[in-house]
Amino acid sequence: IMKKVHTIYLGSASQVALEEVFMKNPQLTYFVLNEESEAKTQLNIKKINRCQRMTKVQLPLQLNSLLSICPLKNLTDLSLQSQKLWPAMDWLPNVVAIIGAKRFVLESLAFDGSWLVAPLNLSLLRLDQCTALKEVRLSNCKVSETVTPALSFSCQKVSFRRCTLPKLISHLKSHQMLRQLQLFDCQVQINGPLLKRILDLRKCQPVLGPLILEFSQSTKLRSEFTKWSKVELKSIKSHLEVKEIDPHQTENWKQPIGMISMKFGKPINHLPDLTHAVEAIPNAADLVKKMNEW
């Protein structure tokens, strides 16, 4: 019977029972272990590598043997969760090691920092080395300033929900390829108008298209956005597009409290299609003509 099981949820398990699950069920594709007791963090899941058809796994964040999932070649979804305070940075080494091992196939990361006891420094996650990364979602985090690029150039979408962002501009300066930014119920700490700062920054960057900025539940951003006329919005459309979203429309993603989720795909082994970007570059004759018009 066990060899026909594809999904197993365990609320608690001994080491012997856990090994038996993996040994007797090589067809397993979806596995969830919710055990969070102090003693059970010592559980060893090394034999999970016998389940090479595994695609989805959810494990306790504090489990000591988390790196055992790295050899799973068909893994597409990994979730690590803890409903307790994350003391110091004890959770970081395993998470960084998994990201490093999967850096060529990691496509998206969702991170809920409800139990963080310190500001989150994105640079520590080493996401800048993830060549297939497309999207990052952060919720309930206080995000600290970064000096070095925190994300890879392949990342095109970043979403913040209920986050405190003391230095948002510092994140945008090093990510010219970013195409979409979402700020839902966030506290952006900045002196002066934020949208104008972002617009001025995008005008100075070698971008291939406009940044689409979506925001919700921000009186400050709404006040600044509504002051721009339709003519002004049209004139900046090649650099920045701003949209206010109703709160109920932002519910398309809700990261469970205290969970870090990763999605894996295929490595990027081809060059990006820059046809449209090349076509948009004016030739020498066009440049001379424009200079003469000036």
Side-chain angles (χ1 to χ4, degrees), residues 31-38 40-46 48-49 54-152 154-155 157-163 171 253-265 267:
F31 178 71
V32 177
L33 176 63
N34 286 323
E35 179 63 70
E36 275 205 271
S37 66
E38 189 68 27
K40 296 302 183 181
T41 59
Q42 304 299 323
L43 285 173
N44 192 322
I45 61 167
K46 186 175 181 179
I48 198 173
N49 60 21
M54 190 82 73
T55 58
K56 297 183 179 181
V57 177
Q58 180 177 327
L59 299 168
L61 177 62
Q62 306 294 353
L63 195 66
N64 290 342
S65 55
L66 285 178
L67 298 185
S68 299
I69 61 93
C70 292
L72 297 176
K73 296 180 180 180
N74 291 310
L75 188 65
T76 60
D77 297 80
L78 172 65
S79 296
L80 309 172
Q81 187 174 26
S82 176
Q83 297 290 358
K84 303 174 183 178
L85 284 177
W86 301 358
M89 303 296 281
D90 294 350
W91 57 273
L92 184 63
N94 277 338
V95 173
V96 171
I98 293 173
I99 291 174
K102 297 286 189 179
R103 64 187 181 278
F104 299 126
V105 294
L106 178 63
E107 290 188 344
S108 71
L109 174 82
F111 188 112
D112 182 83
S114 296
W115 300 114
L116 281 174
V117 296
L120 175 65
N121 185 339
L122 266 180
S123 298
L124 296 179
L125 295 179
R126 307 285 178 84
L127 294 172
D128 59 311
Q129 301 177 8
C130 300
T131 55
L133 187 66
K134 298 177 182 177
E135 181 178 6
V136 173
R137 295 179 174 182
L138 302 178
S139 57
N140 299 307
C141 295
K142 182 175 182 179
V143 185
S144 62
E145 182 179 7
T146 59
V147 179
T148 58
L151 305 175
S152 67
S154 61
C155 186
K157 181 178 180 180
V158 178
S159 303
F160 298 97
R161 180 189 291 276
R162 293 185 298 274
C163 288
H171 293 278
W253 67 276
K254 268 189 174 180
Q255 183 70 357
I257 290 177
M259 180 175 283
I260 301 173
S261 301
M262 306 179 200
K263 289 186 179 295
F264 309 109

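Note that these values count all heavy atoms, side chains included, but never hydrogens, waters or copies made by symmetry.
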Practice task
Might you work through the side chain to side chain contact (heavy atoms under 4.5 Å, CB included) test for M54 and I69, ending with a clear yes or no?
Solution key: CA-CA 9 Å; M54 190 82 73; I69 61 93; over 6 Å; no

Handout entry: Rounded distance [0.5 Å steps], CE in M259 versus CZ in F111
Key = 12.5 Å

Handout entry: Contact summary for K84 and W86, nearest pair of heavy atoms
Key = O-CD1, 3.0 Å

Handout entry: Flag side-chain contact, heavy atom, 4.5 Å: L127 against C155
Key = no

Practice task
Compare all side-chain heavy atoms of K46 with those of S65 and state whether any distance is below 4.5 angstrom.
Solution key: no

Fill in the blank from the handout: When rounded to the nearest 0.5 Å, the distance separating CG of N44 from CG of N64 is 9.5 Å

Exercise for the section: Report yes if some heavy atom in the side chain of L109 is under 4.5 Å from a heavy atom in the side chain of I260; otherwise report no. Expected result: yes

Problem - Donor-acceptor contact below 3.5 Å, side chain S144 vs main chain L120 - result: yes

Completion exercise
Nearest heavy-atom approach of V57 to L59 is CG1-CG, 3.5 Å

Practice task
Check for a donor-acceptor pair, side chain of D112 on one end and backbone N or O of G258 on the other, with a separation under 3.5 Å.
Solution key: yes

Completion exercise
To the nearest 0.5 Å, atom CG of L78 lies from atom NZ of K102 at 8.5 Å

Exercise for the section: With the side chain counted from C-beta on, respond yes when L80 and N94 share a heavy-atom pair under 4.5 Å apart, and no when they do not. Expected result: no

Handout entry: Residues that R137 engages under salt bridge (charged side-chain N to carboxylate O under 4.0 Å, His left out), provided they are two or more places apart
Key = E135

Exercise for the section: Would you confirm whether S152, through its side chain, and T131, through its main-chain N or O, come within 3.5 Å as a donor-acceptor pair? Expected result: no

Practice task
Can you establish whether the number of heavy atoms outside K157 located under 6.0 Å from its atom NZ is more than 12?
Solution key: yes

Handout entry: E107 CD to K134 NZ distance, which is reported to the nearest 0.5 Å
Key = 4.5 Å

Handout entry: S82 vs W91 side-chain heavy atoms within contact, under 4.5 Å
Key = no

Practice task
Indicate yes or no for a side-chain donor-acceptor contact from S68 to the backbone of N49 under 3.5 Å, with no hydrogens or angles considered.
Solution key: no

Problem - Within-4.5 Å side-chain heavy-atom neighbours: Q81 and L61 - result: no

Handout entry: Exceeds 12 heavy-atom contacts within 6.0 angstrom, atom CD1 of I257
Key = no

Practice task
Determine, stepwise, if the pair L125 / L122 fulfils side chain to side chain contact (heavy atoms under 4.5 Å, CB included).
Solution key: CA-CA 6 Å; L125 295 179; L122 266 180; 4.0 Å; yes

Fill in the blank from the handout: Smallest heavy-atom separation, L133 atom then S154 atom, equals O-OG, 2.7 Å

Practice task
Indicate yes or no: at least one non-hydrogen side-chain atom of S123 is less than 4.5 angstrom from one of D128.
Solution key: no

Problem - Spatial distance of atom OG (S114) from atom CD (Q255) [nearest 0.5 Å] - result: 9.5 Å

Exercise for the section: Taking the side chain as every heavy atom from C-beta outward, state whether Q83 and N34 have any atom pair closer than 4.5 Å. Expected result: no

Exercise for the section: Keeping the roles fixed (side chain from T55, backbone from T76), state whether a donor-acceptor pair exists under 3.5 Å. Expected result: no

